[in-house]
Structure formats: structure tokens, C-alpha cells
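Given the structure is predicted, the values throughout are model-derived calculations rather than measurements. Below, read A as the first sequence line, B as the second, and so on, with proteins coming before strands; counting in each chain starts at 1.
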Number of protein chains: 2
Amino acid sequence: MVEQRIQLDLVFAALSDSTRRDILARVAKIEMSIGEIAEHYKMTFAGIAKHVKVLERAGLVIKKRRGKEQVVIIVPSSLSIASSHIEQYAKMWSERFNQLETLLKEEK
Amino acid sequence: MVEQRIQLDLVFAALSDSTRRDILARVAKIEMSIGEIAEHYKMTFAGIAKHVKVLERAGLVIKKRRGKEQVVIIVPSSLSIASSHIEQYAKMWSERFNQLETLLKEEK
DNA sequence: CTATCATTAAACTATATGGTTGAACAAAGG
DNA sequence: CCTTTGTTCAACCATATAGTTTAATGATAG
């Protein structure tokens, strides 16, 4: 329970950086080694490796050794937790939506 | 375009703290003043006010003055941006899902 | 075994964040 | 106007983060 809240912290924090979201989008399409990922950015290899580590700690990707390379692979489950969490807000706010509209009109 | 990416950074960063997610869940149900919100936490009033400001900067809530209180109200649109963004990953990974399953089995 | 390629780890700097306290500002009520 | 209540702002501290460079480890090819 508490663990899952921490996990969610890590997932959202990982997604809060556009470089990491970009990396995630890449490996969602094609699995890539860290070196291959790094080629697409101005940042140093070590910098990219750190970003990948953040994604890994959040459980968004895993690494699998293939020869001497380390291949980065996306993990669906953790992202779906984040997604469903956001949907919970969606439910709650939809109940309040009309109320909100009125208030925003008042503003003008 | 670039602005939206920055906005998304702010939205995910705002959601990466469990206190802020908790506040968001509260105001999604019932609009509350900052003081009312603060009553539910051990943190100081100013601490909560800062968290609310983070949510506000991300566009997740707005404040509306009601008498001498400042009422915090959730804003649907920004959250839906985040949600749809996550769904984009969902689409991409679903294409790769079978491929992934195989790899995870190999692991064992 | 050695040389090489891919990755990880460590040490460091700069900046951002979460939290505090205390002072200043704003609106309402006497 | 003065006081009270609710909020904001500024200064400060501790810790976390993003990035760098350099050294160390792992795996493969010869």
C-alpha cells in the first residue's frame, strides 16, 4: 500500500522530464541499447545512462543483457498504474464539472 | 508546442508528490480553502500553501477568492493532457507487448 | 590473457525542491 | 480605525536532482 504510493511518486517523477519521456517513447517503439539511445542526444553517455536508471527505478523499463550491450525495454504495468490513477481524478472532477464551469464564467 | 512540453513537465512533477496528489483528490471532491486543506496535514500552513502553488503553476487547480478565503478548485483540462500523453505510450507498448512477454519468459 | 567496447559507479558542481519560521498584506467585523 | 483571520512572501536549511568528468567493471573477440 505505502509501497505503491512511493512507486507512483517515482513514476510521475520519472515522467516529469521531457528527455526521459522522449527516451520512453523511443523504447516503446523499438528496444534499444543505452548507447543507441545516447546517440540521439547532445548529453553525455553517462547522463543518458542516469536517465535510464531513473526510468528503471520507477519500473517503467527493464534492462536485458544481449551480448555486451544492455538493451532497454519498456514495462507496461507501471505506466498503467499511473494512467488509472489519473483516471480516478477524472471521475471525481467530472462530477464537479458543471459547478466549475459556472465559476469560470463568473470570473469574466 | 514547446510550451506544452514544459507544461507537461510541471504537471507530472506536481503529481510526483503524494501530499499534492492527496490535496488534488480532496479538491476534486469538494472545493476547499487553503486553510481547510491544511487542517488535514501535520505540515505547516505555509508548507501546504506552497504545495497548492505547485499545483496552480501546473495548471491543475485555480484559486478563487470567496470573502477573505481563497478557494482551491480543480481544473480538468491539464490533467487530461497528462492522461492522453500516457495513453500514447499505451498504444506504442501494446504493439510491442507480445515481444516483451517472450523476453520476460526467457529471463526465468 | 589482453585489448576493446559497453556500461556502471564515484566524485563533484550547480540548481531545484520540500520544509521551516517570521514578517507583510488583504479582507471583514467590531 | 484597529483587530482578527486567511493568505502570501522572503529568507533560510537540508536534501535531491541533472549534469559533468574520470575511474572501474563486464563481456566479447582475437
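For residues 38-49 of chain B, the set of pairs meeting the side-chain hydrogen bond (donor to acceptor under 3.5 Å, both in side chains) definition, not counting sequence neighbours, comprises B:Asp22-B:Tyr41, B:Arg26-B:Tyr41. A side-chain hydrogen bond (donor to acceptor under 3.5 Å, both in side chains) check over residues 53-62 of chain B, counting only residues at least two apart or in different chains, returns the pairs B:Glu56-B:Lys63.
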Verdict with reasoning, A:Leu15 to A:Leu24, per side chain to side chain contact (heavy atoms under 4.5 Å, CB included): CA-CA 9 Å; A:Leu15 292 175; A:Leu24 202 56; 3.7 Å; yes

Worked verdict on B:Val71 versus B:Met32 for side chain to side chain contact (heavy atoms under 4.5 Å, CB included): CA-CA 5 Å; B:Val71 178; B:Met32 301 172 85; over 6 Å; no

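Contact annotation for A:Ala13: no contact, since no heavy-atom pair falls under 4.0 Å across all strands. B:Thr19 comes within 4.0 angstrom of nothing in the nucleic acid, heavy atoms only. Across all strands shown, A:Gly47 has heavy atoms under 4.0 Å from base atoms, whether or not it also approaches the sugar-phosphate.
Straight-line distance from the CG atom of A:Asp17 to the C1' atom of C:dT15: 14 Å, rounded to whole Å. The separation between A:Ile34 atom CD1 and C:dC5 atom C1' is 14 Å, rounded to whole Å. In this structure, the CD atom of A:Glu36 is 13 Å from the C1' atom of C:dT7, given to the nearest Å. In this structure, B:Phe45 places its CZ atom 15 Å from C1' of C:dG19, rounding to the nearest Å. The distance from atom NZ of A:Lys63 to atom C1' of C:dA6 is 12 Å, rounded to the nearest whole Å. The CE-P distance, from A:Met32 to C:dT7, rounds to 11 Å in whole Å. Rounding to whole angstrom units, CD of residue B:Gln70 and P of C:dA26 are separated by 12 Å. One can place CE of B:Met43 at 12 Å from P of C:dT21, the figure rounded to the nearest angstrom.
Atoms OG and CD1, on A:Ser18 and A:Ile23 in that order, are 10.0 Å from each other to the nearest 0.5 Å.
Residues satisfying the side-chain contact (heavy atoms from CB on, under 4.5 Å) criterion with B:Ala49, sequence neighbours excluded, are B:Ile34, B:Phe45. Every side-chain hydrogen bond (donor to acceptor under 3.5 Å, both in side chains) that A:Arg66 has, sequence neighbours left out, goes to A:Glu31.
Among the candidates B:Val27, B:Leu60, B:Ile62, the single residue satisfying the side-chain contact (heavy atoms from CB on, under 4.5 Å) test with B:Val72 is B:Val27.
A:Arg20 contributes no side-chain N or O that, together with a main-chain N or O of A:His51, makes up a donor-acceptor pair within less than 3.5 Å.
In the hydrophobic cluster analysis, where Ile, Leu, Val, Met, Phe, Trp and Tyr join through side-chain heavy atoms closer than 4.5 angstrom, B:Ile37 is grouped together with B:Leu55.
Take the nearest nucleotide of DNA chain D for B:Glu69 and for A:Lys68: the residue whose nucleotide is more 5' is B:Glu69. Mapping A:Arg65 and A:Ala46 onto DNA chain D by nearest heavy atom places A:Ala46 at the nucleotide closer to the 5' end.
B:Arg66 has no side-chain polar atom (N or O) that falls below the 4.0 Å cut-off from OP1 or OP2 of C:dA27.
Contacts between residues 48-57 of chain B and DNA chain C, counted as heavy-atom distances below 4.0 Å, involve B:Lys50, B:His51.
For DNA chain D, the span of nucleotides reached by chain A at under 4.0 Å from its heavy atoms goes, 5' to 3', from D:dA18 to D:dT28.
For B:Thr44, the side-chain atoms get nearest to C:dT21 when compared with the rest of C:dT21, C:dG18, C:dT7.
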